[in-house]
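These notes are about the structure you will find just below.
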Amino acid sequence: MEFRFIWVQTGGHYTPTRCKPRERVAILIPFRNRNNHLRILLNNLHPILYRQQLEYSIYVLKQADEKPFNRGKLFNIGYLEAKKDNHTCFVFHDVDLIPENDHILYGCVRSPMHLSRAVNTFNYKLPYKELLGGVAAWKTREFEQVNGWFNLFVNWGGEDDDLSYRTIANKLSIFRFRNSVARYTMLEHRRTPVNTARHRQLQDSYTRYKIDGLSSLVYESPRIQRYHLFTMVSINT
């Protein structure tokens, strides 16, 4: 990939030379022990972003400790670190979801946008209208309005619904492309342990967002490594 994707600069960055992009896009990918998935995603995503002529950087948010996986906190930290690089559009992207076509626009034409509306494992149909998981794009103003992600969900389940409730509580509309466009393939994987506390944690999502999220985030400075195809952000949660 490094030899084929000659447009990619160190850190997984690209800037078009023949146009001036409206947004600086950060692709944020939470990650732990999914090397094959990451290779497949990078192999598909870099060409799509290039053909869309976006100014973009790809950040791989690696949970470096052995604690239960904390996707929401990884996203919050990744957002703040990418914001330091003056990005204006942030795409929160699961490592196992592969876009099937170039028509899924990654440039924050709206905010918030739920990009992965039609996934093969759900027969390319939206399971429920509040869904905001998988791949979603936000601009700074709206993401900070909902105070980011909840920091305390661990393992599988709950954090996407919590973000959706935060969005509803702030009277923000979720934009989606039609099913025939927003098509993704989910790579086969083992599901992480289920978050058995998710239903209890979701009960106060509509009010908790004001006090927990970006505003309450505490973390040690992550290790930043800039590889050719991506920037690795190693995080202790």
Exercise. Say you draw a straight line from OH of Tyr184 to CG of Asn101; how long is it, rounded to the nearest 0.5 Å?
Worked result: 8.5 Å
For this session: Identify which one of Thr15, Leu45, Leu49 satisfies the side chain to side chain contact (heavy atoms under 4.5 Å, CB included) criterion when paired with Tyr56.
Result: Leu49
Exercise. From Leu42 CG over to His37 NE2, what is the distance, rounded to the nearest 0.5 angstrom?
Worked result: 12.5 Å
Exercise. Got a donor-acceptor contact below 3.5 angstrom from the Thr10 side chain to the His228 backbone?
Worked result: no
For this session: State, with a plain yes or no, whether a side-chain heavy atom of Arg110 is found less than 4.5 Å away from one of Ile174.
Result: no
Exercise. Is it true that the NZ or CZ of Arg117 lies under 6.0 Å from the centre of Phe177's six-membered ring and within 45 degrees of the ring axis?
Worked result: no
Exercise. Has Arg51 got more than 12 heavy atoms of other residues, nucleotides or ligands less than 6.0 Å from its CZ?
Worked result: yes
Problem set entry | Pair Asn43-Arg4, side chain to side chain contact (heavy atoms under 4.5 Å, CB included): steps then yes or no | CA-CA 10 Å; Asn43 190 51; Arg4 287 189 292 114; 2.7 Å; yes
Exercise. Salt bridge check: are Glu81 and Lys84 linked by an N-O gap of less than 4.0 Å?
Worked result: yes
For this session: Would you mind reporting whether Val60 and Phe31 have side-chain heavy atoms less than 4.5 Å apart?
Result: yes
For this session: List in chain and number order the residues that pass ring-ring contact (aromatic ring centres under 6.0 Å, His included) with His13, two or more places apart in sequence or in another chain; answer none if no residue qualifies.
Result: none
Exercise. Do you know which two heavy atoms are closest between Tyr219 and Pro222, and how far apart they sit?
Worked result: CE1-CD, 3.8 Å
Exercise. Any Lys/Arg nitrogen of Arg22 or Glu55 sitting under 4.0 Å from an Asp/Glu carboxylate oxygen of the other?
Worked result: no
Exercise. Where do Arg71 and Asp94 land on the side chain to side chain contact (heavy atoms under 4.5 Å, CB included) test, with the steps shown first?
Worked result: CA-CA 9 Å; Arg71 180 169 168 265; Asp94 283 354; 2.9 Å; yes
For this session: May I ask you to decide if Arg24's main-chain N or O and Thr88's side chain share a donor-acceptor pair within less than 3.5 Å?
Result: yes
For this session: Examine Ile98 and Val119 and state if one hydrophobic cluster contains both, with Ile, Leu, Val, Met, Phe, Trp and Tyr joined whenever side-chain heavy atoms are less than 4.5 Å apart.
Result: yes
For this session: For the pair Ser111 and Glu142, evaluate side-chain hydrogen bond (donor to acceptor under 3.5 Å, both in side chains) and give the outcome as yes or no after the intermediate values.
Result: CA-CA 7 Å; Ser111 176; Glu142 289 80 12; 3.0 Å; yes
For this session: Please work out whether the ring planes of His87 and Phe90 are parallel, tilted or perpendicular, with thresholds of 30° and 60°.
Result: perpendicular
Exercise. Does Asn120 reach the main-chain N or O of Met186 with its side chain, forming a donor-acceptor pair under 3.5 Å?
Worked result: yes
Exercise. Any donor and acceptor pair, going by atom type alone, linking the side chain of Arg32 with main-chain N or O of Lys62 inside 3.5 Å?
Worked result: no
For this session: Answer whether the closest heavy-atom distance between the side chains of Asp162 and Arg208 falls below 4.5 Å.
Result: yes
For this session: Could you tell me whether the side chain of Phe92 reaches within less than 4.5 Å of the side chain of Pro30, counting heavy atoms only?
Result: no
Problem set entry | Heavy-atom side-chain contact between Ile29 and Ile27 under 4.5 Å | yes
For this session: Determine the minimum heavy-atom distance between Ala137 and Val91, stating which atoms define it.
Result: CB-CG2, 4.0 Å
Exercise. Within the distance-only criterion (no hydrogens, no angle test), does the side chain of Asn170 pair as donor or acceptor with the backbone N or O of Arg166 below 3.5 angstrom?
Worked result: yes
Problem set entry | Beyond-backbone contact of Phe175 with Pro112, side-chain heavy atoms, under 4.5 angstrom | no
For this session: May I have the step-by-step check of side-chain hydrogen bond (donor to acceptor under 3.5 Å, both in side chains) for Asp161 and Tyr128, ending in yes or no?
Result: CA-CA 11 Å; Asp161 289 331; Tyr128 53 95; 2.7 Å; yes
For this session: Nearest 0.5 Å please: distance from the CG atom of Asn70 over to the CD1 atom of Ile77.
Result: 8.0 Å
Exercise. Hey, mind stepping through Leu172 and Trp138 against side chain to side chain contact (heavy atoms under 4.5 Å, CB included) and telling me if it holds?
Worked result: CA-CA 11 Å; Leu172 296 174; Trp138 292 74; 4.3 Å; yes
Seminar exercise, completed: Closest non-hydrogen atoms of Arg176 and Leu131, given as atom of the first, atom of the second and distance, are NH2-O, 2.5 Å
Exercise. Do you know which of Asn151, Val146, Asn147 makes side chain to side chain contact (heavy atoms under 4.5 Å, CB included) with Leu214?
Worked result: Asn147
For this session: Go through the steps to decide whether Asp65 and Thr237 satisfy the test side-chain hydrogen bond (donor to acceptor under 3.5 Å, both in side chains), and finish with yes or no.
Result: CA-CA 7 Å; Asp65 56 42; Thr237 58; 2.9 Å; yes
Exercise. Do Ile58 and Val95 belong together in a cluster built from hydrophobic side chains that touch within less than 4.5 Å?
Worked result: yes
Seminar exercise, completed: In short, Ile48 meets Pro99 closest at the heavy-atom pair CD1-CG, 3.7 Å
Problem set entry | Ile235 and Leu61: CA distance, side-chain angles, deciding distance, side chain to side chain contact (heavy atoms under 4.5 Å, CB included) verdict | CA-CA 7 Å; Ile235 298 168; Leu61 314 176; 4.3 Å; yes
Problem set entry | Ring centroid separation Tyr79 to Phe143 under 6.0 Å | yes
Exercise. Between the side chain of Arg183 and the main-chain N/O of Tyr124, is any donor-acceptor distance below 3.5 Å?
Worked result: no
Exercise. Is there side-chain contact between Leu54 and Glu23, with at least one heavy-atom pair below 4.5 Å?
Worked result: no
For this session: Would you kindly confirm whether Leu126 and Val181 end up in one hydrophobic cluster when ILVMFWY residues are joined by side chain heavy atoms under 4.5 Å apart?
Result: no
Problem set entry | Joint cluster assignment, Tyr227 & Tyr50, ILVMFWY side-chain distance < 4.5 Å | yes
Problem set entry | Side chains of Pro127 and Lys125 in contact at under 4.5 Å (non-hydrogen atoms) | no
Exercise. Is the backbone N or O of Trp149 less than 3.5 Å from a side-chain atom of Asn76, with the two atoms forming a donor-acceptor pair by type?
Worked result: yes
Problem set entry | Short side-chain to backbone donor-acceptor contact, Gln52 and Tyr106, under 3.5 Å | yes
Exercise. When rounded to the nearest 0.5 angstrom, what distance separates OG in Ser234 from CD1 in Ile224?
Worked result: 8.0 Å
Exercise. If you round to the nearest 0.5 Å, how far is OH of Tyr59 from CZ of Phe230?
Worked result: 13.5 Å
Exercise. Does Leu41 share a hydrophobic cluster with Val135, counting links as ILVMFWY side-chain heavy atoms below 4.5 Å and allowing steps through other members?
Worked result: yes
For this session: Please work out which of the three classes, parallel, tilted or perpendicular, describes the rings of Phe5 and His46, given edges at 30° and 60°.
Result: tilted
For this session: In sequence, state the C-alpha distance, the side-chain angles, and the governing distance for Thr231 and Gln225, and then conclude on side-chain hydrogen bond (donor to acceptor under 3.5 Å, both in side chains).
Result: CA-CA 6 Å; Thr231 295; Gln225 297 168 281; over 6 Å; no
For this session: Would you give the length of the straight line joining atom OH of Tyr209 to atom CD1 of Ile168, rounded to the nearest 0.5 angstrom?
Result: 12.0 Å
